[in-house]
Amino acid sequence: MTVPAPPRSDRARLRAIAFNAMRAHGLDPDFPPDVLAGAAGLEQATRTPAAPARDLRSLLWCSIDNDDSRDLDQLSVAEARPDGSVTVMVAIADVDAAVPRGSPVDRHAEINTTSVYTPAVIFPMLPERFSTDLTSLNPDEDRLAVVIELTVARDGSIVQSDVFGALVRNQAKLAYHAVGAWLTGDGPLPPAAAAVPGMDAQLMLQDGAAQALDAVRHQRGALQFQTLEVRPTFDGDTVSDLGVETPNRAKALIENLMVASNGVVARFLDGRGLPSLRRVVRAPERWDRIVALASQIGDRLPPDPDAAALSAFLVKRRQADPIRFPDLSLTIIRLLGSGEYAVDPPGAEPPGHFGLAVKDYTHSTAPNRRYPDLVTQRLIKAAIAGRPSPYSLPDLEAVAARCTRQEDAANKVERQVRKAAAAMVIAPRVGERFDAVVTGASGKGTWVRVLTPPVEGRVVRGEAGLDVGDEVRVQLSHVDIDKGFIDFVRA
C-alpha cells in the first residue's frame with residue numbers, strides 16, 4: 001500500500017513555486033561551489049583601504065531599512081551648517097572591494113543581476129556570507145564605503161556635492177516602521193537609536209533635509225504615487241491573510257536621500273569624463289490613455305507628455321479621493337511603462353527619468369542587491385583614482401541590456417509568488433463577485449485588481465472593451481496556486 005505524502009505547508013509550497021519560477025525565467029536560484037567558496041581570505045578586504053581613505057567611523061552613522069533586512073547597503077549622517085543648510089553624507093558599502101570584476105562571485109552576480117524577494121524565500125544576488133556579512137554595513141563593524149556628500153540649502157536645492165572613499169561604522173541599525181512612527185509622533189524612539197546619544201537629533205536633521213529635497217523634486221514634476229504593497233501574513237507556515245503596506249515617513253526619508261545621491265553620482269561621473277549606466281523611464285507611449293483617464297474624472301492634461309502636469313493631477317486626485325488613489329496610481333504606473341538601463345557617454349545629453357522628473361539619474365546605492373550599482377561603483381572608484389573607465393561603451397551596453405532583461409524576469413518571479421500567496425487566501429471564495437479596477441489591457445490579456453481583498457487577476461471572459469482604469473464587476477472563476485493564476489469573468 002502506498003502511503004500518501006503529507007501535505008506541504010504553504011511556506012514550503014511557495015518556496016517550491018519560487019525555485020521553479022526562477023528557473024523558468026532564466027534566473028539561477030543556487031550558488032555553485034566556487035562562488036560559495038569565494039569568501040575565503042576576504043575578511044580584511046572590506047576593512048582595509050587599498051588607497052588612502054577618510055576615517056569617518058566616529059560620526060553618528062545609522063542604517064534605516066526593512067525590519068528584516070540583513071543586506072545593509074547604505075548608511076546616512078547629517079550635519080547642520082551655520083547658514084541653515086545641511087550636509088548629508090550617504091555611505092554605500094564598498095562591495096567591489098570583496099567582489100572584484102571577473103571573480104567567480106562577480107560572474108555569478110552578473111547572471112541574475114539582482115536579488116529576488118519573494119514571500120517565502122529570498123534569492124540574494126551575492127552569497128549570504130557576502131551580502132549579510134562581508135559587504136553589509138552591519139552595526140558596530142568597521143567597513144569600507146563610497147561616500148556621497150551633498151549639501152542641501154534651506155530651499156531644498158543641492159548647492160555642493162562630492163564623492164570619495166571612507167572608512168565608516170554603523171552606530172545604529174534601525175527599521176522603517178519604528179523610525180517612521182517616531183518621526184510622525186506615533187511611537188517611541190527606537191531602542192537602538194535611544195542607546196546612541198544624539199541619534200534622535202540626527203534623525204530629525206536627516207528627515208528635515210529629506211523633506212526639503214522632496215519638496216523641490218515635486219515642484220519640478222516628480223510623480224507622487226501611492227500603491228498597495230501587498231504582503232502575505234503567515235501564521236506559522238500557513239498564509240493566513242494579505243496585509244497592505246502603508247506610507248512611511250522613514251521610507252520616504254531614505255528614498256529622497258537615495259534619489260539625490262544617485263543624481264550626484266551621475267553628475268560626478270559625467271564631470272570626470274566617464275560614462276555611466278543610467279536608470280531611464282522614457283516619456284509614456286500611452287499618454288493618450290492617461291489623458292483620457294483624466295478626462296473621465298473631469299480633469300484635463302496636455303496632449304503631449306508633461307511630467308509637471310501629471311504630477312499636479314496626481315496631487316489633486318490624492319486629495320479628492322484618497323481611498324481610490326492607490327488604484328489610480330497603479331493604473332498610471334502601468335501606462336508609464338517599465339524602466340530600463342541605458343548607457344550615457346560622457347558629455348552626451350542624458351536620457352532622463354520621466355517619473356522622477358530628472359535628467360541625471362543612475363543606480364548606485366544598492367550594490368549588494370543590484371548589479372548595475374556594483375558596475376557604477378567600479379566607475380566611481382576609477383573616477384576618484386583618476387583612472388580611465390574599467391568598462392568600454394560596448395561592455396556597458398551589454399550590461400545595461402542584460403540588467404534590464406533580468407530585472408524584468410525577477411519582477412515576474414516576485415509577482416508570480418505573490419500571486420500564488422494571494423491565490424491561497426482567495427481560493428475558498430471561487431464563485432463570489434467583487435468590485436475591481438482594470439490595471440492592464442493589451443494583446444497579452446486584461447487584468448483587474450479586486451478592491452477587497454487586494455488581489456490582482458486576469459479577466460478570462462467578458463474582457464472585450466475594457467481598458468486600463470475602467471471600473472468593473474467581476475466574478476472569481478478559477479484559482480491555480482502553483483501557477484499563480486487568479487481568473488475572473490466579467491459579471
Side-chain angles (χ1 to χ4, degrees), residues 10 13-14 17 21 119 225-233 238-246 286 288-299 313-314 317-318 320-338 411-412 414-491:
D10 288 350
R13 190 174 183 181
L14 288 175
I17 291 169
F225 294 115
Q226 180 186 335
T227 57
L228 296 177
E229 296 183 39
V230 179
R231 290 176 178 263
T233 301
T238 301
V239 177
S240 58
D241 201 359
L242 299 173
V244 177
E245 292 286 319
T246 56
R286 296 206 65 193
D288 58 338
R289 179 57 185 164
I290 297 176
V291 172
L293 277 175
S295 178
Q296 290 174 12
I297 302 172
D299 283 287
F313 166 71
L314 290 171
R317 294 313 307 167
R318 185 172 190 166
D321 191 359
I323 294 176
R324 297 301 302 273
F325 184 70
D327 297 304
L328 176 64
S329 293
L330 181 62
T331 297
I332 300 296
I333 289 170
R334 292 283 173 84
L335 291 170
L336 287 177
S338 57
N411 288 336
K412 290 176 180 177
E414 293 174 350
R415 189 160 55 245
Q416 180 180 339
V417 183
R418 286 197 305 267
K419 290 184 70 173
M424 289 176 172
V425 172
I426 204 170
R429 303 182 67 176
V430 170
E432 292 187 29
R433 296 187 175 195
F434 304 87
D435 291 320
V437 61
V438 178
T439 56
S442 67
K444 297 179 180 179
T446 300
W447 281 264
V448 295
R449 177 183 291 278
V450 169
L451 307 182
T452 306
V455 302
E456 191 174 35
R458 184 174 182 175
V459 182
V460 297
R461 190 172 73 244
E463 73 276 18
L466 292 176
D467 205 344
V468 176
D470 290 342
E471 297 179 3
V472 64
R473 184 80 169 164
V474 295
Q475 183 178 25
L476 182 62
S477 62
H478 176 70
V479 167
D480 186 322
I481 293 173
D482 290 326
K483 294 181 179 178
F485 289 171
I486 301 174
D487 294 340
F488 296 97
V489 296
R490 193 171 181 177

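In this chain, numbering begins with 1 at the start of the sequence shown. Just so it is clear, the values below take in all heavy atoms, side chains as well, and ignore hydrogens, waters and symmetry mates.
Annotation: side chain of Arg429 is in contact with side chain of Pro453 (closest heavy-atom distance under 4.5 Å). Side-chain atoms of Asp435 and Thr452, non-hydrogen and from C-beta on, never get closer than 4.5 Å to each other. Side-chain atoms of Leu242 and Ile426, non-hydrogen and from C-beta on, never get closer than 4.5 Å to each other. Annotation: side chain of Val450 is in contact with side chain of Phe488 (closest heavy-atom distance under 4.5 Å).
In terms of heavy-atom proximity, Val479 sits nearest to Ala423 at CG1-CB, 3.5 Å. Across every non-hydrogen atom of Asp482 and Arg13, the tightest pair is OD1-NE, 3.0 Å. Taking all atoms of both residues into account, the shortest heavy-atom contact from Leu293 to Gly469 is CD2-CA, 3.7 Å. Across every non-hydrogen atom of Pro326 and Pro322, the tightest pair is CD-O, 3.4 Å. Across every non-hydrogen atom of Ser477 and Val430, the tightest pair is O-CG1, 3.7 Å. When all heavy atoms are compared, the tightest approach of Leu14 to Ala420 is CD2-CB, 3.7 Å.
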Between Arg415 and Arg418, is the side-chain contact (heavy atoms from CB on, under 4.5 Å) condition met? List the steps. CA-CA 5 Å; Arg415 189 160 55 245; Arg418 286 197 305 267; 4.0 Å; yes
Which is it for Leu466 and Arg490 under the side-chain contact (heavy atoms from CB on, under 4.5 Å) test, yes or no, and what are the steps along the way? CA-CA 10 Å; Leu466 292 176; Arg490 193 171 181 177; 3.6 Å; yes
Between Val455 and Val230, is a side-chain contact (heavy atoms from CB on, under 4.5 Å) present by the stated rule, with each step listed? CA-CA 8 Å; Val455 302; Val230 179; over 6 Å; no
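A donor-acceptor pair under 3.5 Å is absent between the side-chain atoms of Arg473 and the main chain of Ala491, judged by distance alone. Judged by distance alone, the side chain of Ser329 and the main-chain N or O of Phe325 form a donor-acceptor pair under 3.5 Å. The closest donor-acceptor contact from the side chain of Gln475 to the backbone of Glu432 lies at 3.5 Å or more, if one exists at all. Not a single donor-acceptor pair under 3.5 Å links the side chain of Asp470 to the backbone N or O of Val438. Remark: the backbone N or O of Ser240 is not paired with any side-chain donor or acceptor of Thr233 at under 3.5 angstrom.
Taking NZ from Lys483 and CD from Gln416, the interatomic distance works out to 10.0 Å, rounded to the nearest 0.5 Å. Atoms CG and CZ, from Leu476 and Arg433 in turn, are 12.0 Å apart once rounded to the nearest 0.5 Å. Taking CZ of Arg317 as the start and CG of Leu314 as the end, the distance is 10.0 Å to the nearest 0.5 Å. Atom-to-atom distance recorded for Phe313:CZ and Ile297:CD1 is 4.0 Å, nearest 0.5 angstrom. For the atom pair CD of Glu471 and CD of Gln296, the computed distance is 9.5 Å after rounding to the nearest 0.5 Å. Taken from CZ in Arg458 to NZ in Lys444, the straight-line distance is 11.0 Å, to the nearest 0.5 Å.
Checked for salt-bridge contact, Arg461 and Asp487 miss the test: no charged N lies under 4.0 Å from a carboxylate O.
Of the residues listed (Ile332, Leu328, Leu330), the one engaging Phe225 in a side-chain contact (heavy atoms from CB on, under 4.5 Å) is Ile332, and it is the only one.
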